[in-house]
2 protein chains.
Amino acid sequence: MNSTIYDVSRLSGVSTATVSRAFSNPELVREGTRRKVYEAAEVLHYSPNAIAQAMARQRTDRIAFLICKEGATILDEFYAGICDGIMNAANRTDYELMISTAADWDLAANTSKNKQVEGVILGGNAKPELVSELQNRGIAVVLVNNRMAGFDLPCVVSDEYGGVRQALEHLISRGHRNIAMLAGRFSPYILNERYRAFLEIAQAHGLPVDARHIKLCDPTVESAAEACRELLSRPDRPTAIFGTNDVVAAGAMKAARRLGLRLPEELAVTGLDDASVCGMLEPELTSVHIDCRRMGELSVERLQSLLAGDENVPQVTVVPTELRVRRSA
Amino acid sequence: MNSTIYDVSRLSGVSTATVSRAFSNPELVREGTRRKVYEAAEVLHYSPNAIAQAMARQRTDRIAFLICKEGATILDEFYAGICDGIMNAANRTDYELMISTAADWDLAANTSKNKQVEGVILGGNAKPELVSELQNRGIAVVLVNNRMAGFDLPCVVSDEYGGVRQALEHLISRGHRNIAMLAGRFSPYILNERYRAFLEIAQAHGLPVDARHIKLCDPTVESAAEACRELLSRPDRPTAIFGTNDVVAAGAMKAARRLGLRLPEELAVTGLDDASVCGMLEPELTSVHIDCRRMGELSVERLQSLLAGDENVPQVTVVPTELRVRRSA
DNA sequence: CTGAAAGCGCTAACAG
DNA sequence: CTGTTAGCGCTTTCAG
């Protein structure tokens with residue numbers, strides 16, 4: 001049996017209340033008393049029972065990270081990176097972290113109803129209904145890699161516009177004018193941002209680029225390769241391809257290779273995300289680094305602020321991106 | 001305020017004990033009574049408070065997955081796969097899952113001392129001291145992707161020997177005799193298994209292969225590429241390289257490309273893991289599939305058995321591998 | 001099959 | 001600064 005606060009109380013000769021204070025609010029206990037308590041605790045191998053604390057305090061100090069995404073979730077390097085940041089940041093706090101995917105998350109079982117989770121970080125394409133439901137139950141919510149109109153909640157996103165600009169301007173600086181965007185069908189938010197950015201920036205630079213230069217594909221190598229093949233068989237074949245993530249870019253490289261094009265001489269390719277695959281490809285893929293880890297950490301900070309009752313927690317936090325020039329463009 | 005068992009008791013006109021039974025042991029309650037309880041609960045939006053349950057029952061129904069690995073943890077596709085399997089399996093049980101990395105796992109704060117975790121799945125290179133410590137505290141332990149001599153605990157591993165055989169025999173069947181193994185410095189267990197398997201199987205096939213055909217490298221593309229370059233500049237250059245994971249194999253491919261070798265004609269390469277990068281490489285990488293997800297699921301099953309007090313839970317569970325032939329070999 | 005009542009280990013007024 | 005005491009919401013004997 002583990003020892004309890006009573007055992008410590010008895011051994012140290014102070015009340016249980018004091019033992020409790022010695023651990024939860026040391027500053028309320030006189031130095032000498034405190035030491036007596038700690039010594040007794042040491043002897044008894046005592047350490048507070050978190051369950052009992054939660055019960056008495058009526059709060060759990062528990063938050064959750066919910067990945068709202070179809071298919072591979074934690075297996076997606078992007079979300080794994082965010083998750084890593086969240087785990088890392090949560091670890092520095094007193095909050096305990098639960099990690100789930102939307103597929104197996106049970107609202108009823110995981111929220112205030114049974115007093116388990118006090119705050120949730122929603123990653124990716126969360127449904128607005130889920131957000132309202134959570135907020136209605138008094139759960140703090142923050143969004144990561146997404147934004148949602150009409151809600152009062154903090155969002156942490158990457159600088160989508162800036163990222164697209166870095167990729168595009170790099171290509172332009174290398175002399176490319178006929179640039180196509182191979183756009184993976186990601187969440188509506190992401191797709192939208194990148195789409196709009198691409199068009200605006202291309203136009204700002206006077207590129208002869210229009211909607212025909214944007215080709216959608218599924219976010220798989222195969223789909224991207226197929227889509228790229230079409231792009232490359234047009235009469236006015238683009239000289240550069242901007243893939244909206246690295247998997248898509250890898251697909252483009254593959255299509256180019258199969259068509260016998262030399263990279264980057266006959267076709268330049270850039271990606272987005274700066275995933276680990278960039279270094280494995282040949283030539284290595286030029287990409288725009290997204291600081292997923294930072295996004296995760298910031299999400300935790302925002303959630304903490306919310307839970308701490310801070311007024312004016314920033315509604316949107318934008319994490320800057322960084323171009324990583326390699327050999328593919 | 002959320003409703004409690006008392007509210008339900010009052011509304012339904014039965015005692016709290018009965019309400020409790022109706023939810024936890026329905027078979028102990030008469031059909032009609034049970035329905036009354038459920039109806040009242042429905043009206044009140046009642047659902048049991050897990051914290052209070054844990055408090056009263058003196059158990060938490062909580063398990064943890066601890067990744068014991070340096071550096072990228074959840075970011076490692078391999079462990080992410082295991083994690084995915086674990087999350088998936090845990091979700092079908094009543095156990096709640098905590099996910100941590102060895103780096104930020106605090107023994108004191110997460111184990112029976114404060115009654116939080118009842119069982120732990122240790123992934124990768126766990127320290128024996130950690131295992132004994134946990135077992136001493138009465139925590140159930142299972143190992144995944146590792147084995148440990150001198151301990152009484154279930155291990156779930158991939159068929160390392162069989163995997164190496166599949167890769168090697170494939171290469172042999174393609175006519176290769178001079179095959180080198182590029183071995184990433186993974187955990188001692190994994191490294192050992194693969195090393196031994198390679199030598200034994202090569203010898204069994206009468207290949208002129210010895211320890212000089214095994215080259216160690218760090219598990220990064222760069223290190224692998226460097227190591228492979230050396231291998232390829234030997235007078236009796238190998239005609240095939242077996243990388244002990246796909247990242248290493250990608251490094252080998254890169255080195256070969258830079259030396260101007262055509263793949264697979266002048267150098268065949270196979271990997272191990274069947275990670276997502278296989279399909280992104282050109283040519284696509286032939287690899288041996290490891291069913292990480294299954295490994296994760298089985299770990300949970302073993303842990304459950306342990307916690308259920310089953311006698312003779314299998315000490316070692318081996319998950320078969322499968323060769324995936326692509327164009328690199 | 002159901003109810004009464006005693007906890008589970010800790011916290012938080014409140015009083016001193 | 002410290003002690004008393006009444007819970008937190010649920011489970012679980014023990015009776016009936």
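Proteins get letters first, then strands, A, B, ... in listed order; numbering begins at 1 in each. All values below come from the heavy atoms of this structure, side chains included, with hydrogens, waters and symmetry mates left out.
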Under a 4.0 Å heavy-atom criterion, the protein footprint on nucleotides 10-16 of chain C, written with B, S and -, is BBBB---
Quickly, which of A:Val19, A:Val37, A:Val43 forms a side chain to side chain contact (heavy atoms under 4.5 Å, CB included) with A:Leu11? Name it, please.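 So, applying the side chain to side chain contact (heavy atoms under 4.5 Å, CB included) to A:Leu11 and each of A:Val19, A:Val37, A:Val43, only A:Val43 qualifies.
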Between atom [atom1] in [X] and atom [atom2] in [N], what is the gap in whole Å?
| X | N | atom1 | atom2 | value |
| --- | --- | --- | --- | --- |
| A:Asp7 | C:dG9 | CG | P | 9 Å |
| B:Lys36 | C:dC1 | NZ | C1' | 12 Å |
| B:Leu28 | D:dT12 | CG | C1' | 11 Å |
| A:Ile51 | D:dT11 | CD1 | P | 14 Å |
| A:Arg34 | D:dC1 | CZ | P | 9 Å |
| B:Gln58 | D:dT12 | CD | C1' | 12 Å |

Taking B:Asn91 for the side chain and A:Asp104 for the main chain, is one N or O donor matched with an acceptor at less than 3.5 Å?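 It does hold such a pair.
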Report yes if a side-chain nitrogen or oxygen of A:Thr18 is closer than 4.0 Å to either non-bridging phosphate oxygen (OP1 or OP2) of D:dT2; otherwise report no.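 The answer is no; no side-chain N or O of A:Thr18 sits under 4.0 Å from OP1 or OP2.
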Only distances under 3.5 Å count here; give the side-chain donor-acceptor pairs of residues 64-76 of chain A to other protein atoms, sequence neighbours excluded, each with its distance to 0.1 Å.
from    : atom 1 : to      : atom 2 : distance (Å)
A:Lys69 : NZ     : A:Ala72 : O      : 2.7
A:Lys69 : NZ     : A:Asp76 : OD2    : 3.3
A:Asp76 : OD1    : A:Phe78 : N      : 2.8

Between B:Glu96 and B:Thr60, a side-chain donor and acceptor under 3.5 Å: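 Result is no, nothing qualifies.
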